[in-house]
Engineer: 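Before I ask anything, here is the structure I am working with.
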Amino acid sequence: MKTVRIGYLTRVEGKAELDLTIDGEEVKDLKLKIYEEPRFFEALLIGRSFEEAVELTSRICGICYVTHQLSSVRAVEKVLGVEVNDRIRLLRRLIAIGGIISSHCLHLYLLALPDVLGLPDVFTADPKLLVKALRLKAVGDKLVELIGGRGVHPVSIVVGGFTYTPPKDKLMELAQSLKEAKKTAVESVPLFSADKFPKFEVDCERVALSNPEEYAINEGRVKSNKGLDISEDEFRAFIEETQVPHSTAKHSKVKGRGSYMVGPLSRVNLNFSQLSDDAREAAEASGFKFPSSNPFAANMARLLEVISLIDEALELIDAYREGPVRVPFQVKGGSAGAITEAPRGMNYHWYSIGDDGLIKAADISPPTCQNARRVEDDLREYVPTIAHLSEKEIASRCAMLIRAYDPCISCAVHSIEVKVKKL
Amino acid sequence: MGGASQLFKTDLEGLDRLIRKLRSGGYVVYGPVKQGRSWFFLEIDSVKQVDLNYVRTVLPPKKLLHPPREKLFEFKLDDGFEVSEKPTPSAVALFGVHPCDLKAIERQDEFFSQTPEDPYYLARRRNTLIIGLTCTRVDENCFCLSRGTGPEVSTGFDILITDVGNGYLLEPGSAKGLELLKSLGFQEAGDEYLEAKQKLIEELKKSFTKHMPSEGLAELAKSLLDHEVWKETAERCLSCGNCSLVCPTCYCFDVYDVLELNLRSGVRVRELDSCQLLEYAEVALGGNFRRNRFQRLRHWMLCKFGAAGGGLYSSCVGCGRCIVYCPASIDLTEVAGRLRGGG
Amino acid sequence: MNPYVPRIAVIESIVDETPDIKTFRLRITDGGFSFVPGQFVMVSVLGVGESAISISSHPDDAEKFIEISVRKVGNVTGSLFRLKPGDKVGVRGPFGNGWPVDKAVGKDLLIVGGGCGQGALRPLILDVLRHRDRYGRVEILYGARTPQDLMFKYEHDVWASVPQGCLLLTVDRVPPGVEWKHNVGVVTRLFEHVTVDPANSLVCICGPEIMMHFAVKGLLSMGFKGDQIYLSMERRMKCGVGKCGHCQIGGKYVCKDGPIFTYEELKLEPDKIL
Amino acid sequence: MKLKVGVFKFTSCSGCQVELIRMNEQLPELLNLVEFKYWAMASSKLEDGPYDLALVEGAISTPECIEEVKAIREKSRVLVALGDCAVTGGVPSIRNWMSQREAETIVYPKPGCIRSTRVYGIDEYVKVDYYLKGCPPRLENILEVFKAVILGVKPRLRQHPVCVECKFYENECLLTTYKQPCMGPVTAAGCGAICPNVGRVCEGCYGPMSDPNIASMVERLKEIGLSDDEILRKFRKYAGMSKLYREVAKL
Ligand SMILES: Cc1cc2nc3c(=O)[nH]c(=O)nc-3n(C[C@H](O)[C@H](O)[C@H](O)COP(=O)(O)OP(=O)(O)OC[C@H]3O[C@@H](n4cnc5c(N)ncnc54)[C@H](O)[C@@H]3O)c2cc1C
Ligand code: SF4
Ligand code: SF4
Ligand code: SF4
């Protein structure tokens, strides 16, 4: 009988730990505990104005603030019946791309790379590599800052559009750095290639937005490899959430089926053909075959997205023309939900708003909550394959698998167990 | 100067030529441009961008002569320091400066010329050409008339433009201005232009509704330090500093060092400050000589009345900015009025 | 000359005066320096900032060195305390007007110092010692918190032995076990021992504002006139050359019009403290 | 000797740590000066104190957090509240104005096992040396603290209002010119007036300035037509629990 505990999972955003008991190859007990203190976001939105939803839900997560803002703003606009113009849509896509590049690079180079290099962190890694990689991350940050007015928790995204028109010439300047950055991204393919990760395949439902027009980020239908094909309005009819006693974010599953995976791997698997040519070429070189059923391929999926989205950002910047970026609207009550793709997967926001413009109820399902159950299921299948290893090694492999989901535990708006690990 | 009495006239196209000429002569030209609901001195390349009928900009032209933030020098900790910002700024032409702002610049000129001279200000000033513009209208917050700083001015510009209805009167105010006007081949203006200008000024003078005469104000204010108006007004004051930051005659600044992350090199910076801010008079160990809001408000107004440290150099020119941009609608002319025994 | 750019000075030696005051002897590296007693310099620790500090040495030595006596209270002063002989600081100045040494010729002098204000008075005291015949009777009153907070202890004997003069010391309190032969109480309590002639003397005071406040009150009641009382004022200061505005006391600039003012000049200013 | 630094997280979104990571290519330079002994988000190496500098992100909202933050204080020479949550409780503190049970049942079907207290900034429980205000604080401000602690001086963190920086950028004033409810006049600067820079009112995310005239600000907001409830919400957003705002936020 082996007991493996990963107390305080490091190099993830937020606080979590893993308790695992194995008997031979059999997993006796497995609990991914999230001990992030609860913040009750859905409650504290109540009585706030619809305009504050964007601003406050941004604070759910210090990494995927952009998508929280975008899901939120779209949900509210659906309630109010606001139709935004193409320029606004373009800028929203561009800022979402910035957010994804920034988050993916944070994950790849600061959180995941140490696993590949066998280091506790990246601080002792080659500074040259680090500077290059972080310059790549910086272009994502700058894109968000330029459009959003601030890097973390942008301020210009409001119901009806943006508070200001980002200057085209500034974006053009950034285009230069984007081109540099793309080189770094392409060069990084060998760092995260298939030979660097365990060969572990697992069959599961992988869900993502999909959109025939474009690589889906801000809008699309919810689809999966198991035949799910619904509109975002049907999300709650097909996805259910349950509270589990041992902790975590509430667990999600597809009704009548089971746990599912959201995130870059689901997206790349589903929408591979919409990636840019260079991204698909990089996929070839990576040694992974997409669609892939190896959860560790998620890192490569991130890198492919970075490459593809830089290509797309360049096109969007080129197409961008300065002009009005705010449309007028009238306040009215109702309820609606919207999904955008966070770096870590689908992010669902739903609000009920009164005629006075105040929020009456909110339902938010960030990707980490949706993935929580799937992570446990993956581990249950993965652990037997490594059960022969030492406890320390098992722990580090498990941590690596969890990390591959890039769980953003702060995002777990609703978490329960408050179990404290003493320092 | 010779020929200051020489007057010229032109049309809009001529003004445009003037701007183009300045630009080709190496000047960066700034003029009042409307954006949103406000005006700003922005870089221009044509008179078409300019609103010749503007009232007042958010920041006065001060921003180009005594910028909100500027580097004093760079230093390296191993081997002392070097004045890296050799005061050699690019030549600037301010196009369309109103009389109140012209007078404010004159005061700042005097102030920064006092020994020891301020090399940063003066280097910029010497490289600045000023083209004044007589106002075409007066709003409810203008009171230059009672301050003796407008709407008529005879100094403080290289050229003064006045819109006389069917054309523009151009008056040289310096040899440089005269030369420029001659070189552009503008025709001489007849007396009817001067008469038209005089008529405009008379009309303007009649439309002032706000007044704050200077006579005896400084002395009076200084003798009424305990007047209830200070504390009453301070109850509304937000200590936001807007009034002094937009004031064309306020010059106070803070100085601080910024080190690079290598901790080996850095810059010393100066930055506009305001006596309305709590930190302004703060000293070590938490001491503060003007801790109370009313003391700060009073100090600022005394300065604008000509009674505090800035005295003559920073007293009010009646541009009205502090009134327009005070979120608490505090109006120094009202305070002056109360000190004089009114309302 | 750019008045905002400091000259480089090398710290030659450091004397611990009290637990929180040190005297630094500085050599200006690029030569000439001259000042009058009561003037101050702006001392830079580059990267941290600049502080106004009175010169505490005598002008006759200025070609060789100047001294400053600094109390550790914050960023710049705290950083100065961490420096060693050989380290460099920036110096601008001298600034300000100085003590009325010319007006004092032939007159009695009453010198009143409190706390670290004694630093600004020392050049004046040294001047009396070096040019004794210029002045009439000279009485020095000096108060500090405790005996160990007195600066320039190594010179007190010389100050006390000045002909036709006296040095009176006082402290607020004497910690147990410390030997103390002098007075206890605020510095104004020493006024009863003052023998200079109010009709023909000048008073020079430097110390905490509250001490100066009571000193002025006492002196006025003793018959001194407002224009005989000179006070060295302290205000926040950023430029030292009358531009930054911070040091204003009503209509006056401490850095240019001061730091030394007569009580007469100050008494009608707003923010009056005295 | 490199500065030994610990980065800790309580109830928060991690955004302040992410802001720190936005230093990007400057990271190697910072690593020349400091050693991160404890930073769970970035390193698997979690070393115990003592720390020269502890950056504490997040509000205190459970009994366990209280114990933890006290332990961190004991091990740290300089302790810095990193961001609004740590400074005053920040956005999570909004729930203080709802009944506890209410908040819990809205989010959880079975709230029985949730234990959380009223949300406070960390200085409710430990002494804080410096406050990095903001949601999040600007990277420049965070680095200023690193530099200052290394030099052994107080960091230069602006305490005057946002209006000062707003004027440096010559923005149109949203409050006076557009009658929009800008919190700039009572909010501490340091952000660079980024909201007015992009045409949005300051929402007050840096919390109160050094000497806010709250009563007057409330009047100004009323003048431009805000209801009492709207005003209350403004003061109860990023810094409702700050000592300066508690009165107007009615707690
Ligand atoms: C004319 C004059 C003479 C002085 N002479 C001496 C002296 O001989 N010895 C001595 O120890 N001190 C003297 N002081 C006081 C000294 O300037 C302050 O104690 C010092 O500036 C504090 O700086 P700091 O950075 O250590 O403190 P902090 O509190 O960290 O101050 C930060 C900044 O605020 C400003 N500041 C704070 N306090 C003061 C103050 N009291 N006066 C002016 N600016 C201040 C400075 O610009 C300083 O750099 C004098 C002040 C003046 C105006
Ligand atoms: S602008 Fe108005 S509120 Fe602000 S400091 Fe000036 S007088 Fe006070
Ligand atoms: S927009 Fe806001 S921050 Fe800017 S000056 Fe106006 S009130 Fe102040
Ligand atoms: S302007 Fe206000 S809300 Fe915006 S970042 Fe600055 S302090 Fe925060």
Side-chain angles (χ1 to χ4, degrees), chain B residues 72-73 75-77 79-83 87 111-112 114-121 218 221-223 225 250-260 263-266 268 270 273-275 279-285 287-290 292 295 298-299 302-303 306-311 314, chain C residues 1-10 29-30 42 44-52 71-78 87-90 92 95 208-210 233-257 268-273:
Chain B
L72 289 177
F73 57 82
F75 57 82
K76 286 204 184 59
L77 288 185
D79 39 85
F81 34 80
E82 62 210 46
V83 191
F111 175 72
F112 285 112
Q114 283 194 312
T115 353
E117 291 185 349
D118 187 290
Y120 305 93
Y121 179 91
K222 221 167 155 174
S223 69
L225 297 174
C250 274
Y251 48 71
C252 288
F253 57 82
D254 190 13
V255 177
Y256 59 93
D257 288 5
V258 184
L259 267 182
E260 302 280 322
L263 303 184
R264 303 305 308 161
S265 53
R268 182 162 290 173
R270 78 165 160 194
D273 203 346
S274 164
C275 60
E279 295 73 20
Y280 179 89
E282 206 164 67
V283 293
L285 306 174
N288 196 321
F289 294 105
R290 281 190 290 276
N292 289 322
Q295 294 173 311
R298 187 179 67 187
H299 181 83
L302 288 179
C303 192
S314 73
Chain C
M1 251 289 281
N2 184 330
Y4 298 108
V5 179
R7 299 160 74 181
I8 300 176
V10 178
T29 53
D30 58 358
M42 295 296 289
S44 280
V45 178
L46 289 170
V48 177
E50 218 177 20
S51 276
R71 173 152 174 243
K72 180 179 162 182
V73 292
N75 278 2
V76 176
T77 52
D87 287 343
K88 288 177 192 155
V89 295
R92 294 192 295 126
F95 299 127
E209 204 125 323
I210 182 80
M233 301 302 293
E234 192 183 316
R235 280 294 180 278
R236 187 186 184 89
M237 215 168 260
K238 284 296 177 183
C239 72
V241 291
K243 302 279 189 271
C244 81
H246 286 88
C247 69
Q248 295 167 22
I249 300 180
K252 308 221 153 43
Y253 274 84
V254 171
C255 65
K256 282 183 83 169
D257 309 325
L268 288 179
E269 291 300 338
D271 314 325
K272 52 176 171 280
I273 6 59

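Order of the sequence lines sets the chain letters (A, B, ...), proteins ahead of strands, with each chain counted from 1. Everything numeric in this text was worked out from a predicted model, so none of it was measured. The analysis underlying the following values was restricted to heavy atoms, covering all of them including side chains, and did not include hydrogens, waters or symmetry mates.
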Engineer: Quick check against the 3.5 Å criterion: does Y280(B) have a side-chain atom that pairs as donor or acceptor with the backbone of G245(C)?
Structural biologist: yes
Engineer: Taking atom NZ of K222(B) as the centre, report whether more than 12 heavy atoms of other residues, nucleotides or ligands fall under 6.0 Å from it.
Structural biologist: yes
Engineer: Side chain, backbone, both or neither: which part of F253(B) has an atom under 4.5 Å from a heavy atom of chain C?
Structural biologist: both
Engineer: Which answer fits R264(B), side chain, backbone, both or neither, if we ask what part of it has an atom under 4.5 Å from a heavy atom of chain C?
Structural biologist: neither
Engineer: Measure the spacing between CZ of R236(C) and CZ of R290(B) and express it to the nearest 0.5 Å.
Structural biologist: 11.5 Å
Engineer: What part of E260(B) gets within 4.5 angstrom of chain C, counting heavy atoms only: side chain, backbone, both, or neither?
Structural biologist: neither
Engineer: So, for V48(C) and D257(B), which heavy atoms are closest and what is the spacing to 0.1 Å?
Structural biologist: N-OD2, 3.5 Å
Engineer: Does a salt bridge link R268(B) with E50(C), judged by any charged N lying under 4.0 Å from a carboxylate O?
Structural biologist: yes
Engineer: K243(C) side chain to C252(B) main-chain N or O, any donor-acceptor pair under 3.5 Å?
Structural biologist: no
Engineer: Report which part of Y121(B) has an atom under 4.5 Å of a heavy atom belonging to chain C: side chain, backbone, both, or neither.
Structural biologist: neither
Engineer: For N288(B), is it the side chain, the backbone, both, or neither that has a heavy atom closer than 4.5 Å to a heavy atom of chain C?
Structural biologist: neither
Engineer: Pick whichever of V258(B), L302(B), D254(B), V283(B) has the most heavy-atom pairs under 4.5 Å with chain C.
Structural biologist: D254(B)
Engineer: Starting from the C-alpha separation in whole Å, work towards a yes-or-no answer on side-chain contact (heavy atoms from CB on, under 4.5 Å) for Q114(B) and K256(C).
Structural biologist: CA-CA 11 Å; Q114(B) 283 194 312; K256(C) 282 183 83 169; 3.8 Å; yes
Engineer: Which bit of V76(C) comes within less than 4.5 Å of chain B, counting heavy atoms only: side chain, backbone, both or neither?
Structural biologist: neither
Engineer: Short question: side chain of K238(C), backbone of Y256(B) - any donor-acceptor pair under 3.5 Å?
Structural biologist: no
Engineer: So which part of Y253(C) gets closer than 4.5 Å to some heavy atom of chain B, the side chain, the backbone, both or neither?
Structural biologist: side chain
Engineer: Return the SG to CG distance between C239(C) and L72(B), rounded to the nearest 0.5 Å.
Structural biologist: 10.0 Å
Engineer: Answer with side chain, backbone, both or neither: which region of T115(B) has an atom nearer than 4.5 Å to a non-hydrogen atom of chain C?
Structural biologist: backbone
Engineer: Can R235(C) and F289(B) be said to form a side-chain contact (heavy atoms from CB on, under 4.5 Å), step by step?
Structural biologist: CA-CA 8 Å; R235(C) 280 294 180 278; F289(B) 294 105; 3.0 Å; yes
Engineer: Please test D118(B) against Y4(C) for side-chain contact (heavy atoms from CB on, under 4.5 Å), starting from the C-alpha separation and ending with a verdict.
Structural biologist: CA-CA 8 Å; D118(B) 187 290; Y4(C) 298 108; 2.4 Å; yes
Engineer: So for V254(C), is it side chain, backbone, both, or neither that comes closer than 4.5 Å to the heavy atoms of chain B?
Structural biologist: neither
Engineer: Begin with the C-alpha distance, continue with both residues' side-chain angles, and end with the deciding distance and a verdict on side-chain contact (heavy atoms from CB on, under 4.5 Å) for V5(C) and F75(B).
Structural biologist: CA-CA 10 Å; V5(C) 179; F75(B) 57 82; over 6 Å; no
Engineer: So do the side chains of Y120(B) and N2(C) get within less than 4.5 Å of each other, counting heavy atoms only?
Structural biologist: yes
Engineer: Looking only at heavy atoms, what is the nearest atom pair of G47(C) and L259(B), with distance?
Structural biologist: CA-CG, 3.7 Å
